[in-house]
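Proteins come first, then strands; the chains are lettered A, B, ... in the order of their sequence lines, and each starts at number 1. Since this is a predicted model, take the numbers as computed values, not measurements.
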Protein chains: 2
Amino acid sequence: MAKFDLVKFGPFRLNRLAAEVSAALSSEYQARYGLDIPEWRVIATLGFRNDACSAQYIAHCTRTHKSTISRAVTALMTRDLIERVENADDRREFRLRLTRQGHALYEELIPRLLRKEREILSCLSAQERKDFAGLLGKIEASLELVQTSKAASETEAY
Amino acid sequence: MAKFDLVKFGPFRLNRLAAEVSAALSSEYQARYGLDIPEWRVIATLGFRNDACSAQYIAHCTRTHKSTISRAVTALMTRDLIERVENADDRREFRLRLTRQGHALYEELIPRLLRKEREILSCLSAQERKDFAGLLGKIEASLELVQTSKAASETEAY
DNA sequence: TTTAGATGGTTGCAAATGAGACTATCTTAA
DNA sequence: TTAAGATAGTCTCATTTGCAACCATCTAAA
């Protein structure tokens, strides 16, 4: 019989861990600010790059389906957390950016999330945290989840 | 302004990686055997412990909602991959186990999944794989995702 | 210029899933 | 023995999300 234990199976562990970590963080953006995950991703992307960008770009770099992003954008606009302006160069797309309130929420939320992350990783030493990030990076790279410098330049239009 | 990059944020990376790995594996159990994730978890749990166990037990150790497991069990029974027998000691619960066909599927699927997992981790050296598993284990333990020996003995009735 | 195909974004639909009500059964204590 | 509460499993409902069709617009090539 094949020796196999689901509970020791890497992919399963990864899923379970990701779900658990998400749940831990959602108490911040969900319960506290009424944002769901896609909405949080939009806010985070816009907050990080402080210039405006398209919905497509957000979908791309967060690996979230464009319809999901579209719905999140609609919800955030009705709450006046983001705004969009037409792009004169290409009237199919909109430039999205945080409103003043959206930016305030972003600035308030980020430290909380970083603190949570630190809490979760506090079981590791500084060196271990570094190693973990490095190993994650290697796996991501081999799955082409992160843009190599070459790929990044090819897609820099985003 | 807070320095923050969603794409470098641990929890986000974890989610993205887990989703990608799941997608890579689903081509095996999904496309090839028509199993969805909950169904696969039931098969895997029953296959690993080759004695019968309850649906509740599967829900518990795979961290899947009991209604999701219930549906998976129903689907697998209609496909004759698992069977259930009444438990005379407690007539609320059923003992589940793989049928001959279910076991055959299990034995066929496991090597494929392990091969996929190896493929995904082939970007790491043997030592790195070991380190990665160890670090995952530490984080899981601190989130109490794995049973400590004490907790395990308390819940061994499952 | 016209036409074919690509792309940004929205929306309807269907599948998946968690929450929680519900039934049946078990356990414990009065 | 009876009653109160816990537990296993099923089912209905609401939410979430991916898919795919769709519209508007852009691009490229005939």
Nearest-neighbour nucleotide for the F94(A) side chain, dG9(C), dG20(C), dC26(D) considered
dG9(C)
Does A55(B) or I37(A) map to a spot on DNA chain D nearer the 5' end, using the closest nucleotide for each?
A55(B)
Can you tell me how far P of dT7(D) sits from CG of N87(B), to the nearest Å?
17 Å
Atom-pair distance (CD1 on I69(A); P on dG8(C)), nearest Å
14 Å
Atom CZ of R41(A) and atom P of dT16(D): how far apart are they, to the nearest Å?
15 Å
Counting just side-chain N and O atoms, does Q56(B) come under 4.0 Å of either OP1 or OP2 of dG9(D)?
yes
By nearest-nucleotide position on DNA chain C, the 5'-leaning member of H65(A) and D36(B) is H65(A)
What is the separation between atom CD on E86(A) and atom C1' on dC26(D), rounded to the nearest whole Å?
15 Å
Can you tell me the distance, in whole Å, between the CD atom of E93(B) and the P atom of dT27(C)?
11 Å
dT15(D) phosphate, OP1 or OP2, under 4.0 Å from R71(A) side-chain N/O
no
Could you tell me whether a side-chain N or O of S122(A) sits under 3.5 Å from a main-chain N or O of E119(A), the two making a donor and an acceptor?
yes
Look at the side-chain N and O atoms of R63(A) and state whether any lies under 4.0 Å from the OP1 or OP2 oxygen of dG18(D).
no
Euclidean distance, atom NE2 of residue H60(A) to atom C1' of dG8(C) [Å, nearest integer]:
12 Å
Could you tell me how far apart D89(B) (CG) and dA24(C) (C1') are, to the nearest whole angstrom?
17 Å
R129(A) side chain to L124(A) backbone, donor-acceptor under 3.5 Å:
yes
Indicate yes or no: does R16(B) engage E140(A) in a salt bridge with an N to O separation below 4.0 Å.
yes
Which nucleotide in the list dT25(C), dG9(D), dG9(C) gets nearest to the side chain of R84(A)?
dG9(C)
Just compare dT25(D), dT10(C), dT10(D) and give me whichever is closest to any side-chain atom of K66(B).
dT10(D)
Within the pair T68(B) and dG18(C), is there a side-chain N or O less than 4.0 Å away from OP1 or OP2?
yes
Plane angle bin for Y29(B) and W40(B) - parallel if under 30°, tilted between 30 and 60°, otherwise perpendicular
parallel
Please give, in whole Å, the distance from dT16(D) P to L35(A) CG?
13 Å
If you look at every strand shown and take non-hydrogen atoms under 4.0 Å, does R95(A) touch a base, only sugar-phosphate, or nothing?
nothing
Looking only at heavy atoms, what is the nearest atom pair of G47(B) and L98(B), with distance?
CA-CD1, 3.6 Å
By nearest atom, which of the nucleotides dG9(C), dC26(D), dC11(D) is closest to the S67(B) side chain?
dC11(D)
With a cut-off of less than 4.0 Å, is there a side-chain N or O of R91(B) near OP1 or OP2 of dT25(C)?
yes
Can a side chain N or O of S70(B) be found less than 4.0 Å away from OP1 or OP2 on dT10(D)?
yes
How about R112(B): does its CZ atom have over 12 heavy atoms from other parts shown lying under 6.0 Å from it?
yes
